[in-house]
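Before any comments, here is the structure.
Residue numbering restarts at 1 for every chain, and letters A, B, ... go by the order of the sequence lines. In this text, all values refer to a predicted model and were calculated from it rather than measured experimentally. Both backbone and side-chain heavy atoms feed into the values below; hydrogens, waters and symmetry mates do not.
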2 protein chains.
Amino acid sequence: MDGHSGEKLLFLTDDQLRKGIEAMFFAYRGFTSDPDRILDKHGYGRAHHRALHFINRSPGTTVNNLLAILGVTKQSLNRVLRTLVEDGLVDSRVGTRDKRERHLFLTAKGSGLERKLADAQQARMRAAFRAAGPEAVAGFRKVLEAMMEPEILHHFQRLKE
Amino acid sequence: MDGHSGEKLLFLTDDQLRKGIEAMFFAYRGFTSDPDRILDKHGYGRAHHRALHFINRSPGTTVNNLLAILGVTKQSLNRVLRTLVEDGLVDSRVGTRDKRERHLFLTAKGSGLERKLADAQQARMRAAFRAAGPEAVAGFRKVLEAMMEPEILHHFQRLKE
DNA sequence: GATTTTACGTCAGCCTTGTTGACTTTCCAA
DNA sequence: TTGGAAAGTCAACAAGGCTGACGTAAAATC
C-alpha cells in the first residue's frame, strides 16, 4: 500500500497485518468460551461477568466508575446490575458522603461465582502463557497495550497499582 | 493458588494472569472501534464486517464454510448475508459442480467497503506493531494462537496458506 | 429407482445487551 | 433558595445471537 517505508518494517505487510487481525478475532473467541459456558448454566451473560470482574477488582466502586471502564451506557449497565443485586451477588450501598452514588460490593455468593469464572479464564490464559513462554508474554502485553484507546490505556495502567 | 511449580514460571501469578485478561478485554475494544464507526455510518454491524472479511479472504467460499469459521448458526449468518446480497455488496452464485452450494463473492461495492474497514483496522494494528517492535509481535501471535480452540487454530493455520 | 443425507433458505419466537429518551433524587453553586 | 448538573432508574426499541420446525433441491447411498 505505502510501499516499504524503510527501517526494519518488513514484517508489516498487509498479509502480516491481516493475520494479526484474524488471530485477534479467533483468540478472543477462545478467551471468552470457558466463562461463557459457566455463565450459561447460571443464566447470565458476558455483561454480568464484566460487572463481577471489575467490582471484585475495585470493591466499593461507583456505578459511574464502572461505566467509564466498561464503556457502555448507564442504562445498559443498570439492567445487569439490577439482576445481580436481586440475585444476591452484588451489594449496592448508598454513598455516605454523596447519597447520589451507589457503592458496589460482591457478596459471598457473588465472590463465589466470580472466582469460578476467573479460575476458568485464568486456566486458559495460564496454559497459553506457559506454551508461549515469558518473552512471548511480554510481547503479547506490549502489543495489546499499544492497541488500546489512550483513555482506556490510562484506566488499564491505573488498575495495575 | 497452586504455589510455585518451579521452573521459570514466576510470571504466572494470579496478578499477571488478571492483567493479561484485562489487557485482552481492553485491547479488543480498541481493535473493533475503528471499523465499528465506519459500519455505523453504513447501517451495518460487526456481523457484516466479519462476513465481508472472510468472503474477501476466500472468494467463492460456501455458506457452510463460513459457518464453520464464524461459529454462528446459519439463521444468524443468513440474516446478515441476505442484507449484503440485497444491498449489492455480495454475490451469491449457485455452485456448478454441486448445485446445492452457494459460492460467495464480493462485488465491486462490497470490495470497496471491505477495503475501507480493513484499512482502518490495519492502521491501528500497524501502529501497535510498530510501537511494540518485531519481537513483541512474534510473542503476540504466539500467545494468541495458544489461546485459540484447537479446531479454530486449525482453521487459522489453514488460512495462512 | 427409491431412500436418505446434505446444503441452503426461511418463518417464528426468544434472549442478551446495546441504544435513546424521559424521569427522580440529590448535591452544589449562583 | 432556586436552578442546573450529576447519579441512578424505568421504558421501549434494535441488533444479533439462539432454538425449533419446515421446505426444496441436489447428491449420495442402498
Looking at A:Asp14 and B:Arg115, is there a salt bridge between them, counting it only when a charged N and a carboxylate O are closer than 4.0 Å?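 Looking at A:Asp14 together with B:Arg115, the answer is yes, because their closest N to O distance falls below 4.0 Å.
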I'd like to know whether the aromatic ring centres of A:Phe31 and B:Phe25 sit less than 6.0 Å apart in this structure.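 So the answer is no for these two rings.
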Rounding to a whole Å, what distance do you find between [X]:[atom1] and [N]:[atom2]?
X        : N      : atom1 : atom2 : value
B:Leu70  : D:dC18 : CG    : P     : 10 Å
A:Asp98  : C:dA29 : CG    : P     : 12 Å
B:Leu67  : C:dC8  : CG    : P     : 8 Å
B:Leu39  : C:dG18 : CG    : P     : 17 Å
B:Asp36  : D:dA15 : CG    : P     : 15 Å
A:Asn65  : D:dA6  : CG    : P     : 15 Å
A:Arg97  : D:dA7  : CZ    : C1'   : 14 Å
A:His103 : D:dA7  : NE2   : P     : 12 Å

Which sits closer to the 5' end of DNA chain C, B:Glu101 or A:Gly95, going by the nucleotide each is nearest to?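 The residue closer to the strand's 5' end, by nearest nucleotide, is B:Glu101.
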For a quick test of reading the model: is some side-chain N or O of A:Ser76 closer than 4.0 Å to OP1 or OP2 of C:dT17?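 Checking C:dT17 against A:Ser76, no side-chain N or O comes under 4.0 Å of OP1 or OP2.
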Counting the atoms with a prime plus P, OP1 and OP2 as sugar-phosphate, which does [X] contact under 4.0 Å by heavy atoms, base, sugar-phosphate, or nothing?
X       : result
B:Arg79 : base
A:Gly71 : nothing
B:His48 : sugar-phosphate
A:Lys74 : base

Within a reach of under 6.0 Å around CD of A:Glu151, are more than 12 heavy atoms found that belong to other residues, nucleotides or ligands?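 Check fails, neighbour count at 12 or below.
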Measuring from the side chain of A:Arg46 (C-beta onward, heavy atoms only), which nucleotide among C:dG18, C:dT17, D:dA6 has the closest atom?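 Taking heavy atoms from C-beta onward, the closest nucleotide is C:dT17.
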